[in-house]
Amino acid sequence: MKNLILLFVAISICSCKAKQENQQTKTVENVVITPNEVKETVSFLASDAQMGRGTGGNGIKVSANYIEKQLKEFGVRPYYETYHDDFKVGEIDAYNVVGFLEGTDATLKKEIIIIGAHYDHIGTKAKMVETDSIANGANDNAAGTSAVLAMARYFGTKKTNKRSFMFVLFSAEEMGLLGSKHLAKRLKDENANLYTVVNMEMIGVPFKDREYVAFLTGYGKSNMAEKINDYIGSNFLGESEVAKQYNLFKASDNYPFYEMFKMPAHTISSCDLSNYDFYHHVDDETDKLDYDHMARLINKLIPGIEKMSNTVTKEIQMTNE
């Protein structure tokens with residue numbers, strides 16, 4: 001009888017442990033980005049309290065603290081001693097926020113994928129409308145920042161990436177890509193083993209007349225769009241003729257990495273200035289964005305990024321264009 005009781009207790013313990021593990025696995029597998037999640041990030045960053053997140057201002061410092069707190073909560077550690085990658089803009093102190101999530105594969109983790117967006121905006125330099133002089137920068141680029149933080153939460157929770165991720169929120173983009181230029185040079189000097197750069201920019205509104213969800217700047221310079229579409233199984237990324245006309249490939253934080261490393265480095269966006277009237281405008285406010293669209297876009301993109309981080313070889317390559 002004593003042996004039967006012990007056996008029963010052992011079986012019960014094992015059963016409870018298995019149930020707990022299954023519940024934990026189920027929780028990890030069900031990471032979904034919600035409209036409220038991205039709206040919460042945008043609402044904080046694009047509030048009047050942040051005064052347009054001009055580089056060097058108090059609003060961008062508060063925004064950086066918010067971002068750092070989120071990364072820490074998601075289990076994304078600082079890449080350097082702190083999350084700050086410091087640089088100067090004249091006499092102004094500025095910094096990128098850089099987080100790191102190590103890959104799970106002993107070999108592939110040595111290769112780094114950068115997921116980035118700029119978190120600065122133009123402060124109060126927009127043309128005043130009535131009594132409003134704050135360029136809130138909801139679409140440009142609190143929206144992109146929300147996507148980076150959402151993906152940091154996803155991968156920080158699931159840890160399904162064999163390659164390592166660097167989550168970067170760039171400063172001083174609006175002053176001439178200064179933050180990304182600084183970090184690209186620093187990483188080059190450090191011999192960082194970068195694979196790709198995926199930069200998120202102005203994803204706050206959808207296209208109404210396109211066959212794709214978002215466009216990739218510098219579309220023909222690598223096979224990134226083709227591969228992500230293949231990984232996802234849909235025509236998610238396309239080529240924007242408007243983006244080509246304005247040469248948007250050179251206008252965001254992907255470009256310094258392309259120049260420095262000669263590697264696939266692109267920006268993903270769903271706004272090419274033809275479908276949004278408030279670029280660098282005081283009315284680029286939280287209430288102008290479509291958060292259902294944003295959540296759908298991020299959730300659709302994540303499996304493509306996940307696959308990118310797990311392929312045995314570097315399938316995304318530069319082309320001859």
Donor + acceptor pair across side chains of Asp120, Ser171 (<3.5 Å): no
Testing the basics here: between Thr286 and Ala46, what is the closest heavy-atom pair and its distance to 0.1 Å? OG1-CB, 3.9 Å
Taking atom OH as the centre, does Tyr212 end up with more than 12 heavy-atom neighbours from other residues, nucleotides or ligands that are less than 6.0 angstrom away? yes
Which heavy-atom pair separates Ile134 from Met51 by the least distance, and what is that distance? CD1-SD, 3.6 Å
In terms of hydrophobic clustering (I, L, V, M, F, W, Y; side-chain heavy atoms under 4.5 Å; direct or indirect links), are Leu183 and Val89 co-clustered? no
Can you find a pair of side-chain heavy atoms, one from Lys314 and one from Glu111, that are under 4.5 Å apart? yes
With a 3.5 Å cut-off and no angle check, do the side chains of Thr267 and Glu201 form a donor-acceptor pair? no
How long is the span from the OH atom in Tyr79 to the CZ atom in Phe167, to the nearest 0.5 Å? 14.0 Å
At what distance, to the nearest 0.5 angstrom, does CD1 of Ile113 lie from CD1 of Ile316? 7.0 Å
For the residue pair Lys288 and Phe278, would you count it as a cation-pi contact if the rule is NZ or CZ under 6.0 angstrom from the ring centre and within 45 degrees of the ring axis? yes
If we count only N and O atoms by modelled type, under 3.5 Å, do the side chains of Tyr119 and Glu173 hold a donor and an acceptor together? no
Looking at every non-hydrogen atom in both residues, tell me the closest pair between Gly56 and Ile92 and how far apart they are. CA-CG2, 3.4 Å
State, yes or no, whether a side-chain contact exists between Phe87 and Leu178 at a heavy-atom distance under 4.5 Å. yes
Please step through side-chain contact (heavy atoms from CB on, under 4.5 Å) for the pair Met224 and Thr196, ending with a clear verdict. CA-CA 9 Å; Met224 183 181 287; Thr196 58; 3.9 Å; yes
Sub-3.5 Å donor-acceptor pair from the side chain of Asn223 to the main-chain atoms of Glu226, do we have one? no
With Asp284, the side chain to side chain contact (heavy atoms under 4.5 Å, CB included) member among Asp140, Asn136, Ile122: Asp140
Determine whether the side chains of Glu174 and His280 contain a donor N or O and an acceptor N or O closer than 3.5 Å. yes
Apply salt bridge (charged side-chain N to carboxylate O under 4.0 Å, His left out) to residues Lys244 and Asp272 and explain how you reach the verdict. CA-CA 9 Å; Lys244 287 175 65 176; Asp272 59 11; over 6 Å; no
How many angstroms lie between atom NZ of Lys185 and atom CD of Glu190, to the nearest 0.5 angstrom? 10.0 Å
Distance in Å, Glu102 CD paired with Ile112 CD1, rounded so as to fall on 0.5 Å steps: 10.0 Å
If you compare all heavy atoms of Met200 against all heavy atoms of Ala117, which two are closest, and at what distance to 0.1 Å? O-CB, 3.3 Å
Ile305 reachable from Met294 in the ILVMFWY side-chain graph, under 4.5 Å edges: yes
Shared hydrophobic cluster, Leu108 / Val197 (ILVMFWY, side-chain heavy atoms < 4.5 Å): no
4.5 Å side-chain heavy-atom contact, Ile115 and Phe165: yes
Report yes or no: does His84 contribute a side-chain atom to a donor-acceptor pair with the main-chain N or O of Asn96 at less than 3.5 Å? no
Phe170-His118 aromatic ring centre distance below 6.0 Å: no
Taking the six-membered ring of Tyr291, is NZ or CZ of Arg296 closer than 6.0 Å to its centre and within 45° of its axis? no
Taking every non-hydrogen atom, the tightest pair across Gly220 and Thr319: O-OG1, 2.5 Å
Going hydrophobic residue to hydrophobic residue with side-chain gaps under 4.5 angstrom, can you get from Leu149 over to Val97? yes
Quick one: does NZ or CZ of Arg163 land under 6.0 Å from the six-membered ring centre of Tyr195, within 45 degrees of the ring axis? yes
Rounded to the nearest 0.5 Å, what separation is found between the NZ atom of Lys159 and the CG atom of Asn161? 9.0 Å
Looking at Asn275 and Cys271, what are the two nearest heavy atoms and their distance? OD1-CA, 3.3 Å
Measure centre to centre between the rings of Tyr258 and Phe249, then say whether the value is under 6.0 Å. yes
Between Tyr255 and Phe257, is the ring centre distance below 6.0 Å? no
